[in-house]
Amino acid sequence: MKLSKTYSPKQVEDKIYRLWQKSGFFNPDKRPAQRKKTYCITIPPPNITGSLHMGHALNTVVQDILIRFKRLQGLRTLWLPGTDHAGIAAQNVVEKELKKEGKTRFDLGREKFIERMWDWKKKYGNIILDQLKKLGASCDWSRKVFTLDKNYSEAVKTAFLHYYKKGWIYRGKRVINWCPRCQTSLSDLELEYKEEKGKLWYIKYPLEQKNKRTKEQKNKYVLVATTRPETMLGDMAVAVNPKDKRYKNLKGKKVILPLVEREIPVVADNLVDPKFGTGAVKVTPAHDFTDYKIAQNHNLTFCQIIDEQGKITEEAPLSYQGLTILRARQKIIEDLKSKKLLEKEEAYKISIPKCYRCSTTVEFIPSQQWFLKMDKLAKMAEKAVRQGKIKFIPKRFEKTYFDWLKNVRDWCISRQIWWGHKIPLKDESDVLDTWFSSALWPFVTLGWPQKNNDLKRFYPTDVLSTGRDIINLWVARMIFSGLEFMKKVPFKDVYVHATVLTREGKRMSKSLGTGVNPLDLIEKYGADATRFGIAWQVMGGQDIKFVEDNIMMGKKFCNKIWNAARFVLLEIESAKTLLLHSSRVLVETKNLNNVDKRILGELNKTIKSVNKHLENFQFGKAAQVLYDFFWHDFCDRYIEETKRVDIGCQQRTQKILLYVLLTSLKLLHPFVPFITEEIYQKLPLKDKKPCLMVETWPNSLHSHL
RNA sequence: GGGCGGUUAGCUCAGCGGAAGAGCGUCUGGUCUACACCCAGAAGGUCGCAGGUUCAAGUCCUGCACCGCCCACCA
């Protein structure tokens, strides 16, 4: 029973984690004596390519606190873990490996390449889950799911065919986002816009001259402003706003598209912003979404001049064919200059769409793809939140969700990569957007489409905890999928956790070396200290500027807990037979002196406060309340008082010491599970549970104190 | 172009209508037996700026500035 003077996490953590795993109590079916009520969180499945960063750490801490809290309260608690196959992201990693060998995926062929993907997955795919264990995550590993498991694939197929039969999935040639490097389409949410310095070029589009002898018409032209002159090769019109008086006379006229020498009409459309540039814009239906709409409004045809490699197609004049976009741009500018058709150029800030997985500039090109109709699904998803069936915490993130749903376009669900779920139709070689399968996560993990026991018991799940960057990418799609396939929302609360930033308030970035590796923190301070320090900083959804000082505070606090326990164990050593039933509330309340009453009263307040804060996702507040009680009320005041106490009172004091310690351990356990478990294992209690993890959460009973 | 969040002690943050708080850091003192990753105590803030509401405002309202994030069809 002798404890070392300082707490050493390394001697405790792995041992305790093994103890938990051996107990089987992460699995709700193995845990004895619990209430019927369930509590379930399906983990946001990390990508198999991922390695733990501070965002994961924060999210893991949050979820594990909730799960352990509810488990102690006696609920049938399931935290279901798993990983995501991460289509493009994972494929890119293996393609990079291949590149080192001087090969591409096309050299291997589809089948071999997918074999290679699975090899990679087997080797590295579970690393991140092992890292979660280091943090103490109490997931039921026996239920672990991977989004390409056989059952999962079946479920995806079922879901696809369900939509297909309903007529909500259709195939069509549309302008889509295309990554020339990944060689695949991307959904709107898979783009990241980056602001760059660009230019705005003003180009003269000469008016068609029917009668060459009319002098007035000579040298007449429409001035058009563009940031992407190369797309002019595919222009099918020039458009102006119908209310724009400057161009009143141009209606019905035609202009000659420079360099191509093609005749194109001037059209009037409300989509044109008269304040931009000259108020007259070029219309390239094949390579711009707005232009595509304008083209539809005026029955214009396409002319695709950029291909899937990002090169100029044969639709363009010969001299430009095969050039890359940048080369084509240069040449076009030169050619325009020499023809004196370039009026001027201005510096201009421009937002460039980049592939969110490889940062290559994305092109807009027409392509044959599969789409999922969004109108009805979006309405369902919106309604569920409006009716309060799902709550966002903090509430303001509802807005992000509603705004997206309001304007959402049909979801392009086909991808031209190989790693993923194949579209389950004959002669289809495309795979589904990785988010199509992720969208089914909360119920497929529980067994859907089979109607098994887990699905019945645990769906709808209770909380989804996630970062704000995937509210639409993932959360919204889970919500409508849940409503469509289960007829019920997939979770009741969406907790949108803080973003962990650097001390300077910037995004943590691996490549810039500004990231903090949680594993380093665990190594340096211990898992409990890391958890407590992180939880301490979780305040009302506010972003966290990470400072390591807080982890140090966590470490000191752990040491304080350790030493308080040492003291209590020393104090009660003399009382050979013990003392407390772990489940019994206390001790008789007579014979208490004021010091006793005070500590028990404070303890009582602390229990109430911790309950309240945890129910409200106020992790930082709960941590601070506990810290304050344990350190100041218990250690600084009560323990110091007991050192002065008369010998006659000892036994009562011993009981209170043990009682307050035990109760504190229970309250602290969700935050610092390892150290509290380790101490619990050493307490002399009469009817000790096998683990603190499955003890009974304290009631706040002694209000009369 | 819209929207959201932030601006409080040297640092990171609580407080959101009634006498300025925590952790870390700093300083002073202490420590024979739980802990120096300790104890007792102290210093340190005209609560971003300017107006307004109120008996009373970090706390509510209006405007502005700076920092950060999100959305958008600025071609």
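Every chain is numbered from 1, with letters handed out A, B, ... down the list of sequences.
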Which whole-number value in Å describes the distance from A:Ile551 CD1 to B:C37 P? 18 Å
Between B:C39 and B:G25, how far is it from one P atom to the other, in whole Å? 12 Å
Could you work out the separation of B:A9 and B:A50 based on their C1' atoms and round it to a whole Å? 24 Å
Scan A:Asp403 against the nucleic acid and name what it touches under 4.0 Å (heavy atoms): base, sugar-phosphate only, or nothing. nothing
Aromatic rings A:Tyr401 and A:Phe392: how do their planes relate, parallel, tilted or perpendicular, breaks at 30° and 60°? tilted
Regarding the side chain of A:Arg396, the nearest nucleotide among B:C35, B:G5, B:A75 is B:G5
What is the separation between atom CG on A:Asp636 and atom P on B:G30, rounded to the nearest whole Å? 19 Å
With a 3.5 angstrom cut-off on both distances, give the Watson-Crick or G-U wobble partner of B:C16, or none if there isn't one. none
Pair of N/O donor and acceptor under 3.5 Å linking B:A34 base with A:Glu640 side chain: yes
When you compare B:A19 with B:C24, how far apart are their C1' atoms, in angstrom units rounded to a whole number? 27 Å
Which label fits A:Trp562 and A:Tyr7: parallel for a plane angle under 30°, tilted from 30 to 60°, or perpendicular past 60°? tilted
How long is the line joining CZ of A:Phe532 and C1' of B:C24, in whole Å? 14 Å
Does B:G10 pair with anything, Watson-Crick or G-U wobble, both distances under 3.5 Å, and if so, with which nucleotide? B:C24
A:Lys199 to A:Tyr348 six-membered ring, cation-pi geometry met (6.0 Å, 45°): no
From B:A34, B:C38, B:C11, nucleotide with atom closest to A:Trp631 side chain: B:C38
Is NZ or CZ of A:Lys555 both nearer than 6.0 Å to the six-membered ring centre of A:Tyr525 and within 45° of the ring axis? no
Expressed in whole Å, how much space separates the C1' atoms belonging to B:C49 and B:U7? 11 Å
Look at all strands and tell whether A:Phe276 reaches a base, only sugar-phosphate, or nothing, counting heavy atoms closer than 4.0 Å. base
If I pick the P atom on B:A75 and the same atom on B:G1, what distance separates them, to the nearest angstrom? 13 Å
Provide, to the nearest angstrom, the distance between the NZ atom belonging to A:Lys395 and the P atom belonging to B:G5. 13 Å
In whole Å, what separates the P atom of B:A56 from that of B:G18? 15 Å
Quote, to the nearest angstrom, the C1' distance that separates B:U8 from B:U59. 11 Å
Taking the six-membered ring of A:Phe371 (Phe, Tyr or Trp), confirm whether the NZ or CZ of A:Arg174 is under 6.0 Å from its centre and within 45° of its axis. yes
Can you see if the side chain of A:Lys545 gets near the phosphate of B:C67 - specifically, an N or O under 4.0 Å from OP1 or OP2? no
Taking atom C1' of B:C35 as reference, at what distance in whole Å does atom CZ of A:Phe567 sit? 11 Å
I'd like to know if A:Lys621 reaches the base of B:A22 with its side chain, counting only an N/O donor and acceptor under 3.5 Å. no
Do any side-chain nitrogens or oxygens of A:Trp536 fall under 4.0 Å of OP1 or OP2 in B:A14? no
Tell me whether the rings of A:Phe480 and A:Trp411 are parallel (<30°), tilted (30 to 60°) or perpendicular (>60°). perpendicular
What contact category does A:Cys558 fall into here, base, sugar-phosphate, or nothing, at under 4.0 angstrom with non-hydrogen atoms? nothing
Is B:G58 in the syn range, within 90° of 0, or in the anti range? syn
Please determine, for the side chain of A:Thr226, which listed nucleotide (B:C11, B:A34, B:A75) has the closest atom? B:A75
Give the rounded distance in Å between these two atoms: CG of A:Asn407 and P of B:C70. 18 Å
Between B:C27 and B:A65, how far is it from one C1' atom to the other, in whole Å? 36 Å
Within less than 4.0 Å of OP1 or OP2 of B:C70, is there a side-chain N or O belonging to A:Tyr193? no
Across the strands shown, which category fits A:His287 at heavy-atom distances under 4.0 angstrom: base, sugar-phosphate, nothing? nothing
Value in whole Å for how far the C1' atom of B:G23 lies from CG of A:Asp628: 11 Å
Does A:Asp549 reach a base, just sugar-phosphate, or nothing at all? Heavy atoms under 4.0 Å. sugar-phosphate
Nearest-nucleotide comparison on RNA chain B, the residue closer to the 5′ end among A:Gln542 and A:Phe557: A:Gln542
Tell me whether the side-chain N or O atoms of A:Lys399 pair up with the base of B:C4 as donor and acceptor below 3.5 Å, since no angle test is needed here. no
Fit a plane to each ring of A:Phe617 and A:Tyr495, take the angle between them on a 0 to 90° scale, and name the class: parallel (under 30°), tilted (30 to 60°) or perpendicular (over 60°). parallel
A:Asp288 has its side chain closest, among B:G23, B:C35, B:A75, to B:A75
Residue A:Leu570, side-chain heavy atoms: nucleotide from B:C73, B:A34, B:A75 that is nearest: B:A34
Nearest-nucleotide pick for A:Met539, side chain only, options being B:C70, B:A14, B:G23: B:A14
Checking salt bridge (Lys or Arg N to Asp or Glu O under 4.0 Å) for the pair A:Asp244/A:Arg246: CA distance, chi angles, key distance, verdict? CA-CA 6 Å; A:Asp244 196 330; A:Arg246 291 172 292 178; 2.8 Å; yes
Does B:C24 have OP1 or OP2 under 4.0 Å away from a side-chain N or O of A:Lys556? yes
If B:A57 has a Watson-Crick or G-U wobble mate with both distances under 3.5 Å, name it; if not, just say none. none
Can you tell me the pairing partner of B:C38 across any strand shown, Watson-Crick or G-U wobble, with both distances under 3.5 angstrom? B:G30
Under 4.0 angstrom, heavy atoms only, what part of the nucleic acid is A:Leu501 near: base, sugar-phosphate, or nothing? nothing
Mind checking who B:G1 pairs with, Watson-Crick or G-U wobble, both distances under 3.5 Å? B:C71
Partner of B:A50 under the Watson-Crick or G-U wobble criteria, both distances under 3.5 Å, comes out as B:U62
When we call it a touch if two heavy atoms are under 4.0 Å apart, what does A:Lys560 touch: a base, just sugar-phosphate, or nothing? base
With a non-hydrogen cut-off below 4.0 angstrom, is A:Val283 in contact with a base, only sugar-phosphate, or nothing? nothing
Got a second to check how far A:Ile203's CD1 is from A:Glu345's CD, nearest 0.5 Å? 10.5 Å
Roughly, in whole Å, what's the span from CG in A:Leu58 to C1' in B:U12? 15 Å
